[in-house]
Chemist: 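Next up is a structure, given as structure tokens.
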Amino acid sequence: MEVVQGHVVEISYKDLMVGSYDSQTSICSSLLEKIGRSFGNEDDCLGIVAITDVPSFVELRSKLLPMAHKLACTLHPSELDEITIDTACYSVGWSHGKEKVEGDKYDTSKGSFYANPITENLLEAILERKNEVLQDNNNPFLHIPCNEEELAITAKQNPAFFAPNVWPVKTIPELEPAFKDLGQLICQVGIYVARLCDAYVSTKCPGFKSGKLEHIMKHSLCCKGRLLHYFPIENDQLIDQKDKDIFDFSDWCGWHNDHGSLTGLVPAMFLDCDGKGVECPDPTAGLYIKSRSGDLVHIKLPTDAIAFQIGETTQVHTGGILQATPHAVKGCQFPLNADTKTNKSGISRESFAVFMEPEYHGDMDIPKGKTLEDTQRRGAEFFLPKNVRTLRSRWKQGMNFGHFSNATFEAFH
């Protein structure tokens, strides 16, 4: 199948600020049109937008991303073991070769470091906020339908949600502040993006709860940052790729939808084996999106922009007015040397994503007047990559976000 070079809609940070605070300006009208082209339910919408010229972003990106290489390539296995938390299902700290994304194949192509950039201990933070919640009875987005004891039991039963952060304080002490600084910046920009999404959806759906998406971004303490190191492609992987179908090329990251509300994505940085920045030598490597019409779209992000992708939770909350799109990452491949049959590239990819989502007890309700068929059309399901499970197979009426997340993890892992 032919690969299409995708065009990502861009919004400047300055326009985002103006449009977010003044809905009467012509800038806001233009931004809502861009939100529709980026996240809407038309077949050519790619589910991604780029926010350019965000203050301090370039500096924070340059500081954090090389630490992914340092973490994966310089720490001794015993040092990595100290920050590998199996009791939390590897959802905090270091994880490598523990996840299954496509079938029964363990993902060894990348290593990940997970942490919550906005709070060190989710359970403690929610309990500390209890008085604020009780005093704000008019805010349904902060409601937790259980007492402290029940919440503690839920946390114990769901360590992937609630496990506190762990950091390599002895080996890379600079990781924690760099991770939090960039993660919190992405979350702040995400609030403004969500505000525009709310405004757009409100024009399309009378039953939508005005301000819902922004309230999730602003008030939820459940947030996960993921620092990623994609290992250089090995020789046997290069050989295996020869006769594969084009949709089976996802050797750096398998096809999937993000299941949360909104994902902030930092454009990747490519490093050589010594950890020095290089241009990617393979023009076909990088992020791909599967469109709702079946096109395979190659995405190249400007390095000075934060990209945001819609997740399935927002797809549910908007009744399909905004929709997630499947995406994957193709590895950087070098032709084998004709004499030695070896791959000399040694090029790795470093990236960072922040998954913004409701807390465990957050609702997963479709707006009044919308149906499951609106939320994910059968036609769009037809073009999903074979390993991406349909939304209707995981979402059920009355679920909360925790239940939906668990159903998603079970379906993929």
Chemist: Counting only heavy atoms from other residues, nucleotides and ligands, does the tally under 6.0 Å from NZ of Lys396 exceed 12?
Modeler: yes
Chemist: Could you tell me whether Arg129 and Glu124 make a salt bridge, using a distance below 4.0 angstrom between a side-chain N and a carboxylate O?
Modeler: no
Chemist: Could you pull out the closest heavy-atom pair between Phe208 and Ser202, with the gap in Å?
Modeler: CD2-OG, 3.7 Å
Chemist: Holding to side-chain contact (heavy atoms from CB on, under 4.5 Å), I want the full list of residues that pass it with Gln397, two or more places apart in sequence or in another chain.
Modeler: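 Testing Gln397 for side-chain contact (heavy atoms from CB on, under 4.5 Å), a comparison that skips the adjacent residues, returns Asp365, Trp395.
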Chemist: Applying side-chain contact (heavy atoms from CB on, under 4.5 Å), run through Leu196 and Leu16 and close with a yes or a no.
Modeler: CA-CA 8 Å; Leu196 285 181; Leu16 180 66; 3.4 Å; yes
Chemist: Kindly state each residue pair satisfying salt bridge (charged side-chain N to carboxylate O under 4.0 Å, His left out) with at least one member in residues 192-207, sequence neighbours excluded.
Modeler: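 Qualifying pairs, neighbours excluded: Arg195-Glu214.
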Chemist: Using only atom types and a distance under 3.5 Å, with no angle test, would you say the side chain of Asp274 pairs donor to acceptor with the backbone of Lys276?
Modeler: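 Not a single qualifying donor-acceptor pair exists.
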Chemist: Which heavy atom of Ser351 sits nearest to which heavy atom of Leu227, and what is that distance?
Modeler: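 What the structure gives for the nearest pair is O-CD1, 3.5 Å.
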Chemist: For Gln184 and Pro117, indicate whether the former's side chain and the latter's backbone hold a donor-acceptor pair under 3.5 Å.
Modeler: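 Yes; judged by distance alone, with no hydrogens or angles, the pair exists.
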Chemist: Do the non-hydrogen side-chain atoms of Leu296 and Val4 ever get within less than 4.5 Å of each other?
Modeler: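 SC-SC contact between Leu296 and Val4 ruled out.
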Chemist: Excluding sequence neighbours, so at least two apart, what forms ring-ring contact (aromatic ring centres under 6.0 Å, His included) with Tyr192?
Modeler: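 Tyr21.
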Chemist: Please, which pairs that meet ring pair (Phe, Tyr, Trp, His ring centres under 6.0 Å) have at least one residue in residues 42-69, sequence neighbours excluded?
Modeler: His69-His229
Chemist: Can you tell me which residue pairs pass the salt bridge (charged side-chain N to carboxylate O under 4.0 Å, His left out) test with a partner in residues 176-190, sequence neighbours excluded?
Modeler: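 Only Glu120-Lys180, Glu176-Lys180 qualify under salt bridge (charged side-chain N to carboxylate O under 4.0 Å, His left out).
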Chemist: Please identify each residue that fulfils salt bridge (charged side-chain N to carboxylate O under 4.0 Å, His left out) with Glu59, with sequence neighbours left out.
Modeler: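 None.
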Chemist: Closer than 3.5 angstrom, by distance alone: can the side chain of Arg377 be matched with the main-chain N or O of Asn41 as a donor-acceptor pair?
Modeler: yes
Chemist: Does Ser220 use its side chain to pair, donor to acceptor, with the backbone of Met217 at less than 3.5 Å?
Modeler: no
Chemist: Could you give the distance from CD1 (Ile347) to CD (Glu279), rounded to the nearest 0.5 Å?
Modeler: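 That separation rounds to 10.5 Å.
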Chemist: Nearest 0.5 Å please: distance from the CG atom of Leu228 over to the CG atom of Leu265.
Modeler: 9.0 Å
Chemist: Could you walk me through whether Asp374 and Thr371 pass the side chain to side chain donor-acceptor pair (under 3.5 Å) test, one step at a time?
Modeler: CA-CA 5 Å; Asp374 295 322; Thr371 67; 3.2 Å; yes
Chemist: List the atom of Leu391, the atom of Thr375, and the distance in Å for their closest heavy-atom pair.
Modeler: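 Shortest heavy-atom contact: CD2-CG2, 3.6 Å.
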Chemist: Mind checking salt bridge (charged side-chain N to carboxylate O under 4.0 Å, His left out) for Glu174 and listing every partner two or more places apart, or none if nothing turns up?
Modeler: Lys70
Chemist: Donor-acceptor pair, Asn116 side chain versus Leu221 backbone, under 3.5 Å?
Modeler: yes
Chemist: Output all residues satisfying ring-ring contact (aromatic ring centres under 6.0 Å, His included) with Tyr114, sequence neighbours left out; order by chain, then residue number.
Modeler: none
Chemist: Quick test of your reading of the model: are Glu381 and Arg392 salt-bridged, counting only N-O distances below 4.0 Å?
Modeler: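 Looking at Glu381 and Arg392, the cut-off is met.
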Chemist: So, Lys110 side chain and Arg349 main chain: donor-acceptor pair closer than 3.5 Å or not?
Modeler: no
Chemist: Working note: Leu71 + Ile172, criterion side-chain contact (heavy atoms from CB on, under 4.5 Å); need CA distance, chi angles, decisive distance, verdict.
Modeler: CA-CA 8 Å; Leu71 187 69; Ile172 313 180; 3.8 Å; yes
Chemist: Taking atom OG1 of Thr318 and atom OH of Tyr200, what is their separation to the nearest 0.5 Å?
Modeler: 9.5 Å
Chemist: With sequence neighbours excluded, tell me which residues meet salt bridge (charged side-chain N to carboxylate O under 4.0 Å, His left out) with Arg37.
Modeler: Glu33
Chemist: Take a 6.0 Å sphere around CD of Glu149 and say whether it holds more than 12 heavy atoms from other residues, nucleotides or ligands.
Modeler: no
Chemist: As an exercise, state the distance from SG of Cys223 to CE of Met356, rounded to the nearest 0.5 Å.
Modeler: 6.5 Å
Chemist: Holding to salt bridge (charged side-chain N to carboxylate O under 4.0 Å, His left out), I want the full list of residues that pass it with Asp53, two or more places apart in sequence or in another chain.
Modeler: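 Result, salt bridge (charged side-chain N to carboxylate O under 4.0 Å, His left out) vs Asp53: none returned.
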Chemist: Test your reading of the model: is there a side-chain donor-acceptor pair from His256 to the backbone of His327, 3.5 Å cut-off?
Modeler: yes
Chemist: Identify the two heavy atoms, one from Thr313 and one from Ser261, that lie closest to each other, and give their separation to 0.1 Å.
Modeler: CG2-OG, 3.7 Å
Chemist: Taking the six-membered ring for Trp and the full ring for Phe, Tyr or His, determine whether the centres of Phe179 and Trp167 are under 6.0 Å apart.
Modeler: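 Under 6.0 Å, so yes.
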Chemist: Kindly say whether Thr154 contributes a backbone atom to a donor-acceptor pair with the side chain of Gln157 at under 3.5 angstrom?
Modeler: no
Chemist: Does a side-chain heavy-atom distance below 4.5 Å link Leu384 with Phe382?
Modeler: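 Contact flag for Leu384/Phe382 side chains = no.
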Chemist: So, does Arg226 use its side chain to make a donor-acceptor pair with the main chain of Val354 at under 3.5 Å?
Modeler: no
Chemist: Where is the tightest heavy-atom contact between Gly190 and Leu262, given as atom of each residue plus distance?
Modeler: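 That would be O-CD2, 3.7 Å.
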Chemist: Using a 4.5 Å cut-off on heavy atoms from C-beta on, say whether the side chain of Trp94 contacts that of Val166.
Modeler: no
Chemist: Hey, are Thr84 and Asp81 close enough side-chain-wise for a donor-acceptor pair under 3.5 Å?
Modeler: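 Distance-only check fails for Asp81 and Thr84.
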Chemist: Donor-acceptor pair, His403 side chain versus Met399 backbone, under 3.5 Å?
Modeler: no
Chemist: Which atoms form the tightest heavy-atom contact between Leu185 and Ser56, and what is the distance?
Modeler: CD2-OG, 4.0 Å
Chemist: Could you grab the distance from atom NE2 of His317 to atom CD1 of Ile366, nearest 0.5 Å is fine?
Modeler: 10.0 Å
Chemist: Does anything in residues 298-313 form a salt bridge (charged side-chain N to carboxylate O under 4.0 Å, His left out)? List the pairs, not counting sequence neighbours.
Modeler: Glu312-Arg394
Chemist: Is there side-chain contact between Glu148 and Leu151, with at least one heavy-atom pair below 4.5 Å?
Modeler: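 With C-beta onward as the side chain, the pair stays apart.
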Chemist: Just checking, any donor-acceptor pair under 3.5 angstrom between side chains of Ser12 and Glu10?
Modeler: no
Chemist: Can you check side-chain contact (heavy atoms from CB on, under 4.5 Å) on Leu31 and Asp15, steps first, answer last?
Modeler: CA-CA 8 Å; Leu31 294 186; Asp15 285 350; 4.3 Å; yes
Chemist: Would you kindly say whether Lys290 and Thr325 are connected by a side-chain donor-acceptor distance under 3.5 Å?
Modeler: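 No - no donor-acceptor pair under 3.5 Å links their side chains.
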Chemist: How many angstroms lie between atom OG1 of Thr74 and atom CD of Glu79, to the nearest 0.5 angstrom?
Modeler: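 One gets 8.0 Å once the value is rounded to the nearest 0.5 Å.
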Chemist: Before you tell me yes or no, could you show the steps for His259 and Phe401 under side-chain contact (heavy atoms from CB on, under 4.5 Å), namely the whole-Å CA-CA distance, both residues' side-chain angles and the distance that decides it to 0.1 Å?
Modeler: CA-CA 10 Å; His259 78 278; Phe401 178 70; 3.9 Å; yes
Chemist: Could you list the residues that satisfy side-chain contact (heavy atoms from CB on, under 4.5 Å) with Asn406, not counting sequence neighbours?
Modeler: Asn158, Phe161, Tyr360, Phe409
Chemist: Report yes if some heavy atom in the side chain of Phe113 is under 4.5 Å from a heavy atom in the side chain of Val92; otherwise report no.
Modeler: no
